[in-house]
Structures are given as C-alpha cells and as structure tokens.
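All remarks here apply to the structure that follows.
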There are 2 protein chains.
Amino acid sequence: MPTLEDVAARARVSTATVSRCLNSPDQVSERTRQRVMEAVRDLGYAPNFGARALAAKRTNTFGAIIPTMENAIFARGLQAFQDELQANGITLLVASSSYDPDREEDQIRALVARGADALLLIGHDRTAQTYDFLDRRGIPYVVAWVHDNSVRRHSVGFDNFAAMKALTEEVLAQGHRNIGVITAERSGNDRARERFRGICSALSDHGLDPADLLIEETTYSIDNGAERFARLMDQTPRPTAVLCGNDVFAAGALMKARDLGLRVPQDVSITGFDDIDLAGIVTPGLTTVHVPHREMGRRAARRLLALRAGDDPGPGEELETTIKWRQSLGPAPT
Amino acid sequence: MPTLEDVAARARVSTATVSRCLNSPDQVSERTRQRVMEAVRDLGYAPNFGARALAAKRTNTFGAIIPTMENAIFARGLQAFQDELQANGITLLVASSSYDPDREEDQIRALVARGADALLLIGHDRTAQTYDFLDRRGIPYVVAWVHDNSVRRHSVGFDNFAAMKALTEEVLAQGHRNIGVITAERSGNDRARERFRGICSALSDHGLDPADLLIEETTYSIDNGAERFARLMDQTPRPTAVLCGNDVFAAGALMKARDLGLRVPQDVSITGFDDIDLAGIVTPGLTTVHVPHREMGRRAARRLLALRAGDDPGPGEELETTIKWRQSLGPAPT
DNA sequence: TTTGAATATGTAAGCGCTTACATTTTTTGA
DNA sequence: TCAAAAAATGTAAGCGCTTACATATTCAAA
C-alpha cells in the first residue's frame with residue numbers, strides 16, 4: 001500500500017506537506033496542493049488509521065453504549081446522533097449492553113480499548129469506578145435519555161418522572177382508579193425508576209395509595225409485555241388502565257388484550273412511553289409520551305463534540321416531552 | 001497514561017514480555033505472567049489503540065454498511081452479527097447509506113479509512129470500482145441478504161426471487177387476480193428487484209400478464225407504504241390483494257386500509273416480507289415471508305472471520321425462508 | 001555429567017503519520 | 001529598493017506497540 005512518503009516523492013514535496021494537504025489544506029498553496037492531490041489519486045493513497053491515531057493521539061471515533069440494538073426506541077436517537085457526528089468527521093462505534101450493568105462496564109472498557117475518543121451513555125446508573133475509569137483517562141462522555149439536576153454530569157435528556165406523572169394524571173382524570181403498571185427492571189435503570197416514581201407521585205397527589213398499584217416488572221420485549229398484561233388481567237378486581245413503561249410493552253399488551261377479547265379502551269385503557277413508530281401502527285393507536293429522540297441525539301452529539309474539543313458546552317440540556325393522544329386511553333368503565 | 005514500558009519497568013521484564021502477556025499469555029511462564037498482570041492492574045494500564053493498529057497492521061474492527069438504522073429489518077441480523085464478532089474479540093462499526101449508492105460508496109471508504117479490517121455489505125448492487133477499491137486493499141467482505149449463484153462473491157443470504165414467488169403463488173391460490181405491488185426502489189437494490197421478479201414469475205406461471213400488475217415504487221417508510229396503498233385503492237377495478245416488498249410498507253398499508261374503512265383481508269388482502277416484530281403486532285397480523293435474520297447474521301460473521309484469518313470458508317450459504325401465515329391474507333372476494 | 005532441544009525472555013527496528021521547530025520563499029510597506 | 005513580516009515548506013523526533021531474531025534458562029535423554 002502506498003504511504004505518505006510515496007506520495008511525497010511523487011509530488012516532490014515533504015511528507016509534512018502531504019499531511020497538511022490532507023488535514024489542513026489552507027496552509028498549503030494552491031499549486032502545491034493540486035500537485036499533491038493528483039499524486040494521491042494516481043497512487044490510490046489512503047492514510048493508515050493506526051499511524052494517524054498514534055501520531056495525532058486521537059481516533060476521530062466516538063462510542064455509544066445502548067441497552068439494545070433490536071428496537072427502535074434507541075435507533076432514531078442514535079441515527080440523529082450519528083448523522084451529526086458524521087457531519088463533523090467522526091465515526092460512531094455502537095455497542096449494546098442488553099440491560100446488563102456488568103456487560104455495560106465491559107463494553108465501555110472495550111470501546112475505550114478500541115480507541116473511542118468520547119462516549120454516549122444512557123442513564124446515570126453505573127458504578128463510581130466506571131466513571132472513575134473514564135475520568136482518569138480524560139475521556140469525555142454525555143449521558144442521554146435522562147435529566148437530573150442533582151447529578152453533575154453532562155447530559156441531554158428529559159424528565160422521565162414529570163413526563164410519566166403527567167400521563168398518569170390524564171389517566172386519573174379519565175376516572176381510572178384501579179391501575180396496573182408494566183415496568184422495565186428498575187434496578188440499574190434510572191429511567192424505569194423515574195417513570196415509576198412519576199406514577200406513584202401522581203397517585204399520591206390524588207390521595208391514592210401507590211401501594212394499591214398492581215405492578216409487573218419484567219425485561220424488555222413485546223412478548224414479556226403481553227405476558228405481564230395477561231397476569232394483570234387475572235387480578236380481581238381487574239385494572240381498568242395499564243400504564244406501560246415503554247411502547248414495546250404497550251404493543252405487547254395491546255396484542256394480548258386482543259387475544260383475550262378485551263376491547264381497548266372500552267374494557268381497559270393502555271398507555272405507553274416514547275412514541276416510536278409502533279405507537280401509531282398498533283390498533284388502536286397508543287396514547288403515549290412523545291419523546292423528541294432525534295433532537296436529543298443531535299444535541300448529545302453537539303455536546304460531546306464540544307467536550308472533545310475542550311470547550312465548555314454549558315449546563316445539561318432538558319428537552320420537553322408531550323402527551324400524544326391516540327385512541328388507547330379512554331374513560332374508566334362505569 | 002501508563003505505557004507498556006511503565007508496566008515492564010514495574011514488573012521487571014521487557015516490553016515484549018508484557019506484550020506477550022496481553023496477546024499470547026501461553027508463551028509466558030505462570031510466575032512472570034502473574035507479576036506482569038499485577039503491574040497492569042496497579043498502574044491501570046490500557047493498550048494504545050493506534051499503536052497496536054500500527055504495529056500489528058490490524059485494528060480488530062469490522063464494518064457494516066446497512067441501508068437504514070431506523071428500522072428493525074436490519075437490526076436483528078446486525079445484533080446477531082455483532083454478538084458473534086464480539087465473541088471473537090472484534091468490534092463492529094456500523095454506517096448507514098440511506099439507500100443512496102453514492103453515500104454507500106463514501107461510507108465504505110470512510111469505514112476503510114477508520115481502519116475496518118473487513119466489511120459486511122447488503123446486496124450485490126454497487127459499482128465495479130467499489131469492489132476494486134476493496135480488492136486492491138485486500139479487505140475481505142461478505143454480502144448478506146441475497147443469494148445469487150451467478151455472482152462469485154462471498155455471501156450469506158436467501159433467494160429473494162423464490163421466496164416472493166412462493167408467497168405470490170399462495171396469493172394466486174386464494175383466487176386473487178387483480179393484484180397491486182408496493183416495492184422499494186429497484187434501481188441499485190437487487191433485493192427489491194428480485195422480489196419483484198418473483199412476483200412476475202409467479203404470475204407468468206399462472207398464465208397471467210405481469211404487465212397487468214399495479215405497481216407503486218417508493219422509498220422506504222411506513223408513511224410511504226400508506227400513501228402508495230391509498231393510490232392503489234383509487235384504481236378501478238381496485239386490487240383485491242396488495243403484495244408489499246417488506247413489512248414496513250405492509251404496516252403502512254394496513255394502517256391506511258383501516259383509515260379507508262377497508263377490512264383486511266375481507267375487502268383486500270395485504271402481505272409483507274421479512275417477518276419482523278411489526279408483522280405480529282399489526283391488526284390483523286401480517287402474512288409474510290419469514291427470514292432467519294439472526295442465523296444470517298451469525299453465519300455472515302463466521303464467514304467474515306474466516307476470510308479475515310485467510311481461511312477459505314467454502315461456497316456461499318443459502319438460508320431457507322418460509323411463509324408465516326397470519327390473518328392478512330384471505331380468499332379473493334367473489 | 002554432558003549435550004541438545006525446548007521454552008522463556010530480551011533486544012531493538014520499524015510500522016506510518018503528525019507536528020514543533022527551523023528554514024526558505026514570498027509579500028508588503030516604508 | 002530594502003527590510004520586516006507573513007506564508008509556505010522542510011526536517012526529523014517520537015507517538016506506543018509488535019514481533020523477528022537473539023540470547024538465556026530449563027529440562028530431558030544419553
């Protein structure tokens with residue numbers, strides 16, 4: 001493979017000049033630059049990634065660890081994140097932790113070992129030693145999907161507590177008092193915990209005891225959502241509304257409701273969270289919390305780029321969520 | 001940051017011995033190895049990615065270019081692909097081309113520039129110069145999502161033509177003769193072309209003229225599927241079955257059917273392709289072609305690992321597809 | 001005890017690029 | 001026209017690791 005030296009010989013300049021042509025062409029005269037780029041084309045030269053990384057002490061690669069690659073909840077935000085990075089000449093490495101904290105720690109170390117200059121993390125929940133590992137190496141990171149003013153870390157996210165509380169209040173406003181919840185595992189998942197806390201807070205505000213909630217906690221999949229919904233429907237009295245921690249559980253719940261011959265929302269209301277494509281596809285359409293995933297992805301990328309450049313991007317950013325009304329939430333049956 | 005030299009000094013060995021401890025520990029005695037690994041832990045040493053890449057002439061990174069990150073059609077196969085790579089100490093870089101051939105070429109060059117040792121490509125459709133670029137650099141690649149014996153390239157996929165033809169024959173067996181098609185853009189997309197060819201072949205076998213097909217060709221999204229379905233429903237006579245090139249179009253079609261007050265399959269049958277989660281969630285459930293995405297991902301990874309190691313993994317692999325019967329395909333109205 | 005083979009460990013060159021500093025060339029203003 | 005400043009280009013050290021070859025040590029068989 002041709003090297004910088006071959007190009008330099010061909011163009012009759014130094015290797016430093018060739019390097020400048022590729023990396024800061026404004027420092028090279030037009031005539032010289034054209035001659036060099038012609039030599040690059042003629043030889044089919046491409047820089048050696050390892051050599052560049054070693055010499056420049058950076059890889060122009062960022063890493064993102066997401067809980068799962070198999071669903072759209074993270075895909076949209078990540079696509080926007082990657083688009084923004086790409087526009088700034090940065091490549092994205094994506095790893096999935098499968099909601100396993102130990103695996104996430106391994107992934108973080110693996111991404112760093114692979115030369116990631118900076119990282120996108122989901123949620124704040126991870127060991128102090130993991131943060132320490134990154135801080136000691138001077139690797140900047142941004143936490144997305146959450147917003148918590150009490151945590152002093154760079155973040156771009158939304159208030160899961162407030163968003164789920166607002167939706168719960170709408171459910172209560174529809175007259176529902178017998179409520180079920182399908183939540184993701186809350187241990188190690190601050191997003192799930194905060195959403196659940198939001199539900200409890202809304203109930204308390206209405207003089208209702210959160211201990212009366214019928215709670216199913218499970219791992220993330222459509223089938224699990226369906227199964228847990230069935231369990232809730234076996235309770236006596238049967239809940240008239242089921243609040244799901246995400247749209248995937250809600251989709252599973254809707255499927256199972258259909259299987260059980262229950263009409264949504266006449267017999268039971270179902271709500272979700274995130275407003276992914278699924279929410280509009282299922283029958284009936286899901287009433288859910290709309291999260292601006294793409295904007296979150298874009299801003300997270302900008303913040304990480306600023307941090308990597310040594311700039312101070314200011315305090316963490318909070319994005320607003322809204323309730324997307326569709327047909328799956330209706331009045332409580334009388 | 002501590003380097004190999006620091007570790008060597010601490011453990012009172014040479015840098016080569018430290019390198020051996022990390023990369024081929026069986027060549028180091030137990031006593032020496034333990035002393036070295038203790039020094040690694042004490043110093044918090046992590047190898048420098050760029051230096052390793054330069055010295056070893058490899059990055060242990062593979063690249064995959066997929067048409068879109070925003071939908072599950074590729075996510076499942078890719079997760080399995082990544083899991084297999086990870087088990088072999090390889091990191092995956094993912095880029096999306098947004099179904100744009102020029103963009104795909106840029107992404108291929110960008111992944112190579114980022115040090116990808118090998119690539120996963122989707123479909124065979126790309127310029128000779130792109131393949132040439134990879135061949136000249138000795139970068140192995142595997143093509144997935146297609147199987148074409150006439151093309152001599154390493155591939156793991158399925159026969160799109162045969163799969164869609166089999167589904168079309170079931171549609172014809174149900175008595176449908178007035179058929180609409182919603183297909184992805186066929187230019188630059190051999191998968192879409194092959195699926196369409198399968199539909200035409202089935203019609204011809206039944207003595208029907210493919211020219212009578214009502215064809216809507218569009219870019220990939222649920223909304224586009226919905227819109228094109230509406231156009232097909234405006235035709236006179238109205239098609240009694242709509243064959244969609246993928247489940248995403250089919251989901252959009254189902255939504256629009258609901259909006260138009262058309263009952264599926266009583267008023268019009270709708271079919272998809274891929275059998276992603278969506279297919280089981282929509283109402284009614286989609287009759288579709290089931291593709292073993294995870295197995296394809298796993299095998300593609302194994303083949304690429306073998307190629308990268310300089311082994312000959314044998315001829316391309318074909319995976320079998322099946323028809324997944326759900327409720328969206330029924331008899332033609334009389 | 002000696003010798004040869006096997007294993008363990010050390011030496012140090014070089015992978016290919018970036019970039020601080022040096023030198024040369026060009027441009028501008030008095 | 002000359003001197004100073006600015007721009008363009010060259011020199012070459014070194015980033016951190018791998019690994020071919022060399023040397024030292026250990027082990028086993030005669």
Side-chain angles (χ1 to χ4, degrees), chain A residues 1-40 43-61 89 112-117 137-139 309-310, chain B residues 1-40 43-61 89 112-117 137-139:
Chain A
M1 287 301 315
T3 66
L4 218 60
E5 235 173 285
D6 298 319
V7 176
R10 187 62 160 313
R12 298 185 196 288
V13 292
S14 70
T15 54
T17 297
V18 178
S19 184
R20 285 191 196 98
C21 284
L22 299 172
N23 299 314
S24 31
D26 52 287
Q27 289 182 13
V28 182
S29 75
E30 183 71 14
R31 270 173 43 129
T32 302
R33 190 155 42 78
Q34 280 177 356
R35 200 161 81 247
V36 168
M37 297 315 289
E38 190 181 324
V40 166
L43 294 170
Y45 166 78
N48 180 295
F49 181 74
R52 291 185 106 181
L54 178 59
K57 291 181 182 290
R58 77 178 166 270
T59 61
N60 288 325
T61 304
V112 168
R114 295 293 182 258
D117 295 332
R137 279 162 181 72
I139 293 171
Chain B
M1 285 300 314
T3 67
L4 218 61
E5 236 174 285
D6 299 318
V7 176
R10 186 56 123 32
R12 299 186 195 288
V13 291
S14 71
T15 55
T17 296
V18 178
S19 185
R20 285 191 197 99
C21 284
L22 299 172
N23 299 314
S24 32
D26 53 288
Q27 289 185 11
V28 183
S29 75
E30 183 72 15
R31 265 172 48 127
T32 301
R33 192 154 46 75
Q34 281 178 354
R35 199 161 81 248
V36 169
M37 297 315 290
E38 190 181 325
V40 166
L43 295 170
Y45 166 78
N48 180 294
F49 181 75
R52 292 186 105 180
L54 178 59
K57 290 181 182 291
R58 76 178 165 272
T59 62
N60 288 325
T61 304
V112 169
R114 292 292 182 256
D117 295 332
R137 279 161 182 72
I139 294 171

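Residue numbers start from 1 in every chain, and the chains themselves are labelled A, B, ... in the order their sequence lines are given, proteins ahead of strands. Being a predicted model, the structure only gives us computed values, none of them experimental.
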TODO: Would you please name every residue forming a side-chain hydrogen bond (donor to acceptor under 3.5 Å, both in side chains) with Thr15(A), sequence neighbours left out?
DONE: none
- [ ] Tell me which nucleotide among dT18(C), dA12(C), dG10(D) gets nearest to the side chain of Thr17(A).
- [x] dG10(D)
Task: Steps toward side-chain contact (heavy atoms from CB on, under 4.5 Å) verdict (Val13(A), Val28(A)) - done: CA-CA 11 Å; Val13(A) 292; Val28(A) 182; over 6 Å; no
Open item on the list: Quick check on dG14(D): is either OP1 or OP2 less than 4.0 Å from any side-chain nitrogen or oxygen of Lys57(A)?
Closed with: no
Open item on the list: The side chain of Ala56(A) is closest to which nucleotide in this list: dG10(C), dT19(C), dT18(D)?
Closed with: dT19(C)
- [ ] Strictly below 4.0 Å, heavy-atom distances to any atom of DNA chain D: list the hits from residues 18-39 of chain B, or just say none.
- [x] Ser19(B), Arg20(B), Asn23(B)
Open item on the list: Regarding Tyr45(B), tell me which of base, sugar-phosphate or nothing describes its non-hydrogen contacts under 4.0 Å with the strands shown.
Closed with: sugar-phosphate
Task: Of the listed nucleotides dG14(D), dG16(D), dT18(D), the one nearest the side chain of Leu54(B) - done: dG16(D)
TODO: For Asp6(B) and dC15(D), give me the distance from atom CG to atom P, rounded to whole Å.
DONE: 11 Å
Task: side-chain hydrogen bond (donor to acceptor under 3.5 Å, both in side chains) against Asp117(B), all qualifying residues, sequence neighbours excluded - done: Thr59(B)
- [ ] Might you work through the side-chain contact (heavy atoms from CB on, under 4.5 Å) test for Thr61(A) and Arg114(A), ending with a clear yes or no?
- [x] CA-CA 9 Å; Thr61(A) 304; Arg114(A) 295 293 182 258; over 6 Å; no
Task: With sequence neighbours excluded, residues passing salt bridge (charged side-chain N to carboxylate O under 4.0 Å, His left out) with Arg10(B) - done: Asp42(B)
- [ ] Using the test side-chain hydrogen bond (donor to acceptor under 3.5 Å, both in side chains), find all partners of Asp6(A) that sit at least two apart in sequence or belong to another chain.
- [x] Thr3(A)
Open item on the list: Let's see if you can work this out: which of dC15(D), dA12(C), dG10(C) has an atom nearest to the side-chain heavy atoms of Ser14(B)?
Closed with: dG10(C)
Task: Euclidean distance, atom CZ of residue Arg52(B) to atom C1' of dT19(D) [Å, nearest integer] - done: 13 Å
Open item on the list: Going by salt bridge (charged side-chain N to carboxylate O under 4.0 Å, His left out), name the residues that satisfy it together with Arg33(B), two or more places apart in sequence or in a different chain.
Closed with: Glu30(B)
TODO: Have a look at Ala16(B) and say if it touches a base, only the backbone sugar-phosphate, or nothing, with a 4.0 Å heavy-atom cut-off.
DONE: base
Open item on the list: Just the rounded figure in Å: distance from C1' of dC15(D) to CG of Leu4(B).
Closed with: 13 Å
Open item on the list: Rounded to whole Å, please give me the gap between CG in Asn48(B) and P in dG16(C).
Closed with: 17 Å
